[in-house]
Amino acid sequence: MSRRRHSDGDDGGQSHKRRRTSEPVEIEDRLESLICRVGEKSTSSLESNLEGLAGVLEADLPNYKNKILRILCAVARLLPEKLTVYTTLVGLLNARNYNFGGEFVEAMIRQLKETLKANLYTEALYLVRFLCDLVNCHVIAAPSMVAMFENFVSVTQEEDVPQVRSDWFVYAVLSSLPWVGKELDEKKDVEMDRLLNQIDGYLKRRLKTHVPMLQVWTAEKPHPQEEYLDCLYAQIQKLKKDRWQERHILRPYIAFDSVLCEALQHNLPPFTPPAHMPDCQYPMPRVIFRMFDYTDAPEGPVMPGSHSVERFVIEDNLHNIIKSHWKERKSCAAQLLSYPGKNKIPLNYHIVEVIFGELFQLPCPPHIDVMYTTLLIELCKLQPGSLPQVLAQATEMMYVRLDTMNTICIDRLLNWFSHHLSNFQFRWSWDDWVDCLALDADKPKPKFVKEVLEKCMRLSYHQRIVDIVPPTFSGLVPADPIFFYKYQDEANSALPGYAVAIAVGNAIKNRASNEEILTVLKEVPNPNQEDDDDEGEGFNPLKIEVFLQTLLHLAAKSFSHSFSALAKFHEILKALTDCDEGKLHILRVVYEVWKNHPQMVSVLVDKLIRTQIVDCAAVANWLFSPSMAHEFTRFYVWEILHSTIRKMNKHVQKIQKELEEAKDKLERQQHKKKDSGDEEDMEKNSEDEDGQLEEQIERLQEKVESAQSEQKNLFLVIFQRFIMMLTEHLVRCETGSVDFSTPWYKNCIERLQQIFLMHHVTIQQYMGTLENLLFTAELDHHILAVYQQFCALQL
Amino acid sequence: MSIKLNALFSDSYVDVSQYRDQHFKGNRYEQEKLLKQANTLYVGNLSFYTTEEQVYELFSKSGDVKRIIIGLDKVKKTACGFCFVEYYTRTDAENAMRFVNGTRLDDRIIRTDWDAGFKEGRQYGRGKSGGQVRDEYRQDYDPARGGYGKVVSRP
């Protein structure tokens, strides 16, 4: 491409020469395009397209063999949803050119080794599956495939390796069997039975501590949330019982059987799984998300059962389509809806289930949350007569089952639902949910509706929300987000500090300088004043209150106004909140004035952290303090906490990056010195430069250490607070012989889980400290279980 | 192994559009360079009544918002239906282009586009009457954008 742009500017007289030199590039692009697009909608049949393409590629092999090899290896790795199209293509090429088939297999094995070394386990999986399907295309001999499987399964005999390692190798074997099980069983049934027995034994002795932490619902009914390997094994067992008859996968190679069975097959070279290394990062275990079964789709094709292999293949393909196209929502929706074989399955239900499965996946969805919202909107646009109904049905189902849904997933559900509604004029059959009004406000259903309405209000305005719900729901409508000014009117003139508040307000309006304002503030009496503190320089909560209430009141009009105010009086705020108590108090005042506007509280806290008026630990301490206990289960509190942790993490990453860059710069400079001519003058200058850089590196090093220490402290504070609150609750319930499992408890313990899950990368560094200091054996086993489940994820 | 299959994995929602700010100080090349690195988005087709809070809530779904500048009528100094949203990182802005662009805010389909960066003065509409140019010439009635276009209202 860039070559062409350059030539645009060049003189036109050379055009014929340019065309010749750019031809290979054009041909390679064309080859890539042809290969990538085969299998897409076409006027000709898939078979004739494959036949034609095989002919073209065969003709181009002499000149473009390497390019073709690379493209085919790439589609094998990146387009698993079109697996059988490409294995057929390779099969046809192998039939025409045996050597090419051999080279392709070799290239695939090389690629497999590379992906495993690079921790690209999902791509490696697709490569293994591709190789398996090549058995069906007579490219690879079945016995050699079985031998590879035997080597994979032997990993389960390794000692002292993470369970997630052997998990992957077992999964690679099991997940390929829908494609190749029949063929392998026909050729090597004894070996296959032995393999499956070994797998059976492994699955039975395997630990499943991690499962509760990953389940979306804690209830077993109506659909058990199964561990992914257990579910797949059940599906394979059923497939075996059905004599490996699998009818869902599209197999273009069947049409070419007469050509393909004439081809000579290659043997896979013996493949030893690469040894376990400390820096290997195996995929995390998963729980299979199910929300629909055959009873849910009222008419039309029946949904395959949860243990049918069809279910596995459909879900796998839909996940892969999303993985390939998530950045382009229109294409993604179109691709999902044109799933081959869609007429035999209730496709809309599968799509909705797969999408919610990803959205609710723990620890994190594979892609950014908002993508799923927009994807569902696109799907509704393309299928306006059917998809919105399925979506409504799904929402209703999830509402009914809120009691056992993981709090983290409830967060994501209400975020999705409120954003979705805002695209459809907030139309919803609220009356269907009138049952929630009879429940206590702290129960999941009314809580959910309340939080949804609050989120809807953030995307619109208060009166709109009042208008969209039936009058019976008025108790759940969020409060009008107004400011609470303590010194509002003369009725409050008896309050201490009232006069100063008025004076400060006037001073600000008259654009007084910071010094003048501070002078005015000196008049505020200090309720905490100690006898030896003549200057009144110690922490004065009343002074903070008077100033901040007045300032924020004057700036209450909008976010921008408030941000300007904080920026303008940054100096004063810093002076007033120099100590930890000051920082805590400023947060309390912000809450007091804006408690009806949680969104404003969030953005102000964000600004206060970014301008370093408060630190992250102060925010954590404030949220866990008794003064916020009544808000502890509100969604916005956790939004603030997680946003605070993220800011801390990003800060550390930023400084680490600066340090790395400075180190790289120094290295490059020193290399340049070595390579260049070593003039005396140059040496002196570069010594200075080096010295400066080294100083900078030392400073950055200190900065990094200090930031990392602050980050660790933040997590320790948070964990300590959780442990204290939960222990207190459990002890109190035990002493009072009351059931500890209250809605508050469920929320609290799941919020603790959420800290682990959402920040697992950072927390990994502190495992030693956590184990020795906080999550010790003396801890109540309910709390300790969360820690143990987290460890079991072997992240 | 490094082959990327560009033919297939396009990311067209993130592409720079045809629009170029005519008041941009610099040449086309510089403008394009800035657009390709920008963390700032122009947001259009807002209702005059859409608040900063609403914009924050929606655009925070793709990442932390650094600041929002609501577009103002040059004469009246009231909101005139557009704004700038600046993110801390390009990635967050890209996700907004992919997943917020073309969806609804305040019941209206909004449109986002890359912006070379906010400069003082750019928060004002450039139409003759003080609002946006598009509201000078449009013929339809849009109650959320002052009713009829100025060319219709003018005698």
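A, B, ... follow the sequence lines: proteins, then strands. Residue 1 opens every chain. All values below were derived from every heavy atom in this structure, side-chain atoms included, with hydrogens, water molecules and symmetry-related copies excluded.
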A:Ile368 versus chain B, the contacting section by heavy-atom distance below 4.5 Å: side chain

Proximity breakdown for B:Leu58 and chain A, heavy-atom pairs closer than 4.5 Å: both

A:Glu328 to B:Ser10 - nearest heavy-atom pair and separation: OE2-OG, 2.7 Å

Among the listed options A:Lys330, A:Arg646, A:Arg329, the residue most often paired with chain B at heavy-atom distances under 4.5 Å: A:Arg329

Neighbour count above 12 (heavy atom, 6.0 Å) for A:Lys654 NZ: no

Heavy-atom proximity to chain B below 4.5 Å, by part of A:Gln599: side chain

B:Glu94 with A:Lys327: basic N within carboxylate O range, under 4.0 Å: no

Top contributor to chain B interface from A:Asp606, A:Thr374, A:Asp369 [non-hydrogen pairs under 4.5 Å]: A:Thr374

Sidechain N-carboxylate O distance under 4.0 Å for B:Asp64, A:Lys647: no

A:Ser331 side, atom OG; B:Tyr13 side, atom OH - distance, nearest 0.5 Å: 6.5 Å

Under 4.5 Å from a heavy atom of chain B, the part of A:Lys650 involved: side chain

Stepwise side chain to side chain contact (heavy atoms under 4.5 Å, CB included) test for A:Tyr461 and B:Thr51: CA-CA 9 Å; A:Tyr461 49 96; B:Thr51 60; over 6 Å; no

Part of A:Arg110 within contact of chain B (heavy atom distance under 4.5 Å): neither

Nearest atoms (heavy-atom pairs only) where A:Leu459 meets B:Glu57: CD2-CG, 3.6 Å

Most chain A-contacting option - heavy-atom pairs closer than 4.5 Å, from B:Arg67, B:Met97, B:Arg104: B:Arg104

Side-chain donor/acceptor of B:Glu53 to backbone N/O of A:Arg458, under 3.5 Å: no

Side chain, backbone, both or neither of B:Tyr88 within contact of chain A (heavy atoms, under 4.5 Å): side chain

Enclosure of A:Lys65 NZ (heavy-atom neighbours >12, cutoff 6.0 Å): no

Which portion of A:Phe426 sits near chain B, non-hydrogen atoms under 4.5 angstrom: neither

Interface moiety of A:Asn423 toward chain B, non-hydrogen atoms closer than 4.5 Å: both

Salt-bridge contact B:Asp107-A:Arg464 (side-chain N to carboxylate O under 4.0 Å): yes

Parallel, tilted or perpendicular, as decided by the 30° and 60° cut-offs, for the rings of A:Trp326 and B:Phe99: parallel

Per-residue contact mode, B:Ile70 against chain A (heavy atom under 4.5 angstrom): neither

